[in-house]
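All heavy atoms count here, side chains included; hydrogens, waters and symmetry mates do not. Numbered from 1 within each chain, the chains take letters A, B, ... in sequence-line order.
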Amino acid sequence: MSAEVLDTGVRGAFLTVEDTARAVNALEEEGFTPEDITVFSPIPTPHLEERLTRRTSPVRWFTLIGGLLGTCTGLALTLWTFHAWPLQVGGKSTSSLPVAVVIMFELTVLLGGLFTLAAVLIFSRLPTLGRNPGYHPRFSDDLFGVYVHTADDDARSRARRVLDGVGALEVEHATA
Amino acid sequence: MEETARPAMTEGRAQATVYRRVTADVLATLERPGLGWFALMALVLTGLAFGALSWIYQIKNGLGVAGYVPPVFWAVYITDFVFWVGIAHSGTLISAILFLFRAQFRTAVYRISETMTVFAVMTAGLFPLIHLGRVWYFYYLIPYPNERLLWPNFRSPLVWDFFAISTYFTISSLFLYIGLIPDIAAARDRAIEGTWRHRLYSMLSLGWQGTDRQWRHYNRAYLFLAGLATPLVLSVHSVVSWDFAMAIVPGWHSTIFAPYFVAGAIFSGVAMVITLLVPLRKVFHLEDYIESYHLDRLARLLLLTSLIVFYAYAVEGFIAWYSGSEFERAVFWDRATGQYAWAAWIMYSCNCFIPMALWSSRVRTSWFWMFIISIFVNIGMWFERFVIIIQSLAHEFEPYMWDYYRPTWVEWGITVGSFSWFFMWFLIFIKVMPSMAIAELKELLPPKLKRQKEKLEGRA
Amino acid sequence: MPMASRLRRPILGTLSVLAALVSAACAEDRRVDILVEKAPEQPVLFYHTIHAGQDQIPCAYCHFSADRSEEAGIPAVGTCMGCHRFIQGSTPEFQQNIQVLMEFAADSIAIPWVRVHSVPTFVQFPHKPHVRAGVDCAECHGDVASMEVVERVAPLTMGWCIDCHRQRGAPDDCATCHY
Amino acid sequence: MERRDFLKLAGITGAGTLTACDQKVGPKYLIPYLVPHEDVTPGIPTWYASTCRECPAGCGTHVKTREGRVIKLEGNPESPVNRGKLCARGQAAHQHLYDPDRLEGPKRLDGGRYVDGSWDDSVRALAEGIAGASGEVVLLTGLQTGTLNRFYDEWAADRGVTRVVYEPFAHEPILEAHRRVFGQASIPAYDIAGAEFVISFGADFLETWVSPVRYSRDWAAMHAVKEPGGPAGVFVAVEPRLSMTASNADEWLAAKPGTEHLVALAMANVLGAGGESAGWSPERAAEATGVPAEKIVEMAHRFGGHRSVALPGGVSTQHAQATAAAMAVALLNQAGGAVGDTVRLSPSTSGAVAGSYRAMADLTARMKAGRISAILFAGTNPAYALPPGLGFTDALKQVGLRVSFDPLFTETASWCHLLLPDHTPLESWGDWEPEAGVASIVQPAMTPIRDTRATADVLLAVRRAAAGEPAAAPATAPAGASLEAESWYDYLRAAWSDRAGDEQAWAALLKAGVWTGAVTAAAPAVATPSGDAAGAPTPAESAPLEFGPAEFEGPEGNDAFHLLLYPQIAMYDGRNANQPWLQELPDPATTSSWHTWVEVNGKVAERLELEDGDVVRLESPYGSVEAPVIVYPGVRSDTVAMPLGRGHARMGRYAKHGVNPVTLLPPVSEIHSGALAYQRVRVSMSKTGAWVEPLKAQGSDSQHGRGIAQAVPLAEIIAANGHAADDHGEAAAHHGEPHTRERAAADSGNTSPYRWGMAISVDSCIGCNACVAACSAENNLPFVGPERVAKSRQMHWIRIERYFEDRPDGDLETRHVPMLCQHCGAAPCEPVCPVYATYHNMDGLNVQVYNRCVGTRYCANNCPYKVRYFNWFNYEWPEPLNWGLNPDVTTREVGVMEKCSYCVQRINAAKIAIKDEAPDAVIPDGYFQTACQQTCPTDAITFGNLKDPASRVARLAEGPLAYSVFEHLNTRPANFYLRQVTGRMGAAAEVARAEPEPVAAGADTAAGGGGE
């Protein structure tokens, strides 16, 4: 998102998830909304993530839709091709359902998986071309980060204060 | 606030130290390869060239350059195919099924097994092409609207196979790739800007930054993919087994084949994981991550699947006898005593008898013995497919046609080429991609690192 | 955006290879068009426009066996000479062409007509049942009577055959043509 | 990245496709005829009646040509010899024409090398050579009958040339024996079809002996179970080796080599013949032959009690007692009352004018003595056929001018100065007299493909040149067949003027192909069974004839074996050795091809630790050969057997395989007849240690009780028919396939009036492989060569499975099962194909679409009958063998599956043709035949529409003998097999008791006593 790319704000680095969580709490108490706050983490941090968004990830709907689409495609493809040019093989019925099951299953998994991938990319805004100004390479290594994005100078200094207050290793101004 | 922050800082510093170590240790495997790696690569490329030339020779002259002797219309290529599909299975088992079961020992080994899966499917996928009489018409198998108004026959297990293998390849590649994204990002952040590595990692990490939003969708997707991959693993080898079970060939036409093949696949896959893990651990000094505890768990899986396979062999023989079908009986009698008895007994020994050593916990935790046993299992499982395919065909319904098949140099060449192809990708992978899951290792620290962390905290 | 271009290249590459593959598959369908020239140059400039058009000579006069054989038949040079012993041509151009024919006849050399309509060797195409079923020559060969140089107008692909067979209730069994 | 590699590969192979399909669009140019040909419509076959010249039997043929090229031969139904049938050699005859190793034109030896010559120069050289000859000039021909025979004699007489005839299998002992016994040196006409009991003493009359197609047909008529379920003829074979002929016998009596005739003598003795047989009681014969005395008595009674015929020949007339053997059989026929009934002495058959080995020995002696200055070879190859010990080729060096007329560069031709290649028979004019009163026309079916010239024309030109006339013919040709004739054609035409005078008659004759007339020669002399009766005895002939076991020379002891050499069905005397279809034809007994093998009994193999493919060295006092072993239960354990006809040093690329076992033979003839004794030596056998992949098609000799070749005792059929007498139809249906018609309806489309199917009689099939050759010619089956046959990759759409059954009495019972695509209603091959390259069509055919096939070979795996064949390579048709390809059948490329199509090209042609009669006409039964059915000499194969209840195939399929192979698999095959009928020996005896036939009164009671 262009807002993310061109934004500016304050970043704090933390040693642990607990510190990070405290920072998020403190920021919210200070009046920052989850939309303003981005947390960076080298590991998945489920409770923090939920805390920041409350909503369950919509990826599951994509998986479901993709899967169902695959099931239908599988059924349609097999039955339609049986019908398109009926050829008798092995004395079997020219439109046999059991064999459709295999194709339906495979396409369910295939399209389900591809839709899941699409969903994760879309919702995670990936691939992304710009860098979040709050990001620091150590956030993929050992540190956690909290970035408050705000263009307002006052809000920035408030955020800086809050981050300092919860024991950030380092707090700095970050701009794209 | 100051007071509560202090112990957290101590604990945090210890954690950061350990995290840094994990990143460093794993990324250390990506360092400039040594002479050994180049030597191996040269070997593998030679093998691959041999395989490729063999294939070109075969395409030019016809499948007859392979040793096929009717009625053995399928032989080493299909053996290789099933072997590699089998190898491909434990990867997804370890990465997906054990993920769903939250088996902790998986963390250290799943990347390797998943990689193995993808490369094994890539290898396996070549064989249906290699074995085609007219490979240049392979696209007849693909359902696409064409001028001839013709479609493939969805009743054929080979079309199921086509769908199953391509789905499996797609899903397992996705699964591998999605798992890799955060680790590639970590590698990107450690790489020197301007180098090809940095460019590559930048591209492949898709700009991953580990934000809360990314992690949230990522975790969901990973879970769903695991959920999709789990039935897929079981189905793919079932479908492969139906290539045989759907046929009426005595020795193939058997209801037990699907579970039996799945078990066999996991058996061979776990063995291959061990075969790869043992040298990797040594070379990359990953002793702190991969411990005998991991080995023991894999060994137990190996033992379990060996017993299932053993049971399947016994049931096959029993049913052949109990069915009263003279054809079934003849095939199984011939299997044990006929001209392919040598292969059958290699199979029984390697798959049933040798793995019985795994009842001993000392063997299970011995890197040396596990390596040896895993090699035997690999050999045994290759011969299992050889015996099922070739011996059954060679001793079919028509006594007039009974014959004896021997592979030719072309088939050996292509088989060697397939191993080379697999190991080539593997060798490239371990030098380009993190071969252990960095993020997950941090999340669930392996015991040694946990101890190190505790020690650091104590000293602080 | 450097990364975008970096991504675009492999994607485009993959797409173009895919396109090449699909076109190769389609090319295979249309191999007649690829391997046999559509309107080749013939050893004698023979005008169907004059023979079949202006003079209204029925097709079967020269393509004598279409109604009873697999092959439609190509007239022997002797058949040509039946008329051209007397017909020398009205224009210098025609006279010149007929002279070429005369030379073939005089030297006893069969005229190597270049094939225009060709089906692959694995297709058994008999003219007889098609003629008997009342399929007009022009349905497959086009309006030859108006062609200065004979040219293939029908695609001669399997789908094209099948479409017609299905419309007319002719068999669409594979073994009708492939054996 | 991996996907890109995948695509790259696809790109490469895609490019491969484009180049590969270059040849698939057919010819680029359309070449019209210069002048419209009256016989030829492009796309429509033209048929010519002619005569097969691949052996001396003289079967009438119909030669199918397309666009001027011979593509197929079928038997001429008008010919009384073969009645429309042909053997494998006849079916492959056009590979003789299209032999890629044929001489291109005349050549002459110049400084050790052959250089091309012109015909004019060659004729001049030949004429000068003959004119300038100081010594004798010899014209050596093969067996020849009819006009050409007369021409040779006339020409030789005119030119002062000695004519000698040499034919390797000329039946000299039979001629001599009949001369002695009946005063007539001829091979009698044996009425096998009319007999009830046939006993063969070594005569392989179903394979190569005299007229195998005719005898096969007759044998089938004799042996068949007569409707309704009545008696069936019985056939017994007495010979040391289970030949294909013997394998069809109801009983095989494996007499010791060289003693078969003693069984005949003892039988004659039992029948009270007296004379020479007097000394040979059954017990004495049993001791000498190894055949139990009671068997001999039983056979004798059976012989006397039925209309019987005994046949001499084959291996039993090729040993040192050959003439005695033939005489013994003649005596048996006499004693059993067969002479004049089933054995009719006729004045001449084609065998009657053959020369003998002795003549060759004489000729060799004369050559050695330098008395011969020129020799001309026409249609014979003595340098290959004669034992090297005779020194024929060495003697040839003494001859100043040696000329070969052979179209091929044979061993003999390689010794010649002048090569003047004749046309092959399919390009030639001529005629042939298979038997008295029958003449068959040989007419060219296509223009010569090489610069060849009829030998008779060359000889005429030589005569003209010698007379100082120009090489061109005189302007006015005289009437009548004389050497003044302008050409060989004119001579022939004139020779026929009495039988086909005007042009109309001649045209009719050419259309019919065969002429039959009254036997003009004198009636046979009165039979005098006591020996020398007529003819001027020569010293050799008057030599006393003693009956006893034939002598064998050579090593003795445990590892020494009688060597039994036999003419093999595909190779005969070796003249067919360069015809690849015949080389690849599985031998009916061993299922081997492409090489010369040594048949060894299983017990011997066990003792000497030999297995299939072990190369052994056989040594006789005269030479040694090395060849691989094939373990064969049908050869006695004191004998090893080898086929003749292979192992050529010259002749061509296909002929070189194998060895020529003639090198093991002594250069001596059987004293009375002058025939070469092929069974003359014992050999020692030793392992060389080498092993070659066995070229044996059959995997297991036993069907392991799998019901592939089923049998039913004759007594059961007779019993069933007894019950069926009241309500015949119902009972028959009850015993047979109950649901045949429902099955046929279910296995084809509702709108189709057809369900094609076959009824194949295991009982009638003799295993001769004629169907295999016919199928090869009709369906463009490639030959693959020995290396690939070793890997079982032969492409025969139909094969004869030869199973041995273990009978409780220890006898070897053979069953022949033609195995081909079953066109199953529920075919296992179809659903597994990923691309629908094989499927079931409306007419019930299992169709294979070659151009759709990608070659997964899954169908072949899933075919329980294993009748699908894969193109492992692009198989070669070296020019001009490809000229013989059937244009109605696609040639298959590498990587596709193929199999029997039920001759779908003939089905489609019939469908197109029948619509000429009415738009909705249905093909009636017998409207066309499949290639295998058409040629089957015993009519074992019946093809037709199973949906038509009146069709022959439907009636057979519903009959009591019908079964399907692997019925429990529910494949619902369209092929119904008819069970082998066993137990004829017992049942026949019962029938004989029940309804006595008009036979000699004395023998009638004896038959009852001798019955089992």
(request) Go through D:Thr591, D:Val854, D:Val832, D:Val835 and name the one with the most non-hydrogen pairs under 4.5 angstrom from chain B. (result) D:Val854

(request) Could you tell me whether D:Asp701 and D:Lys696 make a salt bridge, using a distance below 4.0 angstrom between a side-chain N and a carboxylate O? (result) yes

(message) Quick check: do D:Ile708 and B:Phe397 have side-chain heavy atoms less than 4.5 Å from each other?
(response) no

(request) Just give me the residue among B:Glu398, B:Arg155, B:His253, B:Arg406 that pairs up with chain D most often, heavy atom to heavy atom, under 4.5 Å. (result) B:Glu398

(request) Measure distances from D:Ala837 to the heavy atoms of chain B and classify the residue's part below 4.5 Å as side chain, backbone, both or neither. (result) neither

(request) Tell me, for D:Glu787 versus chain B, whether the close heavy atoms (under 4.5 Å) come from the side chain, the backbone, both or neither. (result) neither

(request) Name the orientation class of the two ring planes belonging to B:Phe429 and B:Phe119 (parallel below 30°, tilted from 30 to 60°, perpendicular beyond 60°). (result) perpendicular

(request) Name the member of D:Tyr869, D:Tyr839, D:Phe873, D:Phe870 that forms the most heavy-atom pairs with chain B at distances under 4.5 Å. (result) D:Phe873

(message) Please evaluate residues B:Phe386 and B:Gln391 with respect to the criterion side chain to side chain contact (heavy atoms under 4.5 Å, CB included), reporting the C-alpha separation (whole Å), side-chain torsions for both, the decisive distance (0.1 Å), and the verdict.
(response) CA-CA 7 Å; B:Phe386 182 90; B:Gln391 185 269 333; over 6 Å; no

(request) Count the heavy-atom pairs under 4.5 Å between each of B:Ala66, B:Gly62, B:Pro250, B:Gly64 and chain D, then report the option with the highest count. (result) B:Gly64

(request) For chain D, find which of B:Val159, B:Leu63, B:Leu150 contributes the most heavy-atom pairs closer than 4.5 angstrom. (result) B:Leu63

(message) Report which part of B:Trp151 has an atom under 4.5 Å of a heavy atom belonging to chain D: side chain, backbone, both, or neither.
(response) backbone

(message) Please classify the contact between D:Phe966 and chain B as side chain, backbone, both or neither, with a heavy-atom cut-off of under 4.5 Å.
(response) side chain

(message) Tell me whether D:Glu876 at atom CD has more than 12 heavy atoms from other residues, nucleotides or ligands lying less than 6.0 Å away.
(response) no

(request) Could you tell me which of D:Arg868, D:Arg788, D:Glu830, D:His968 has the largest number of non-hydrogen atom pairs under 4.5 Å with chain B? (result) D:His968

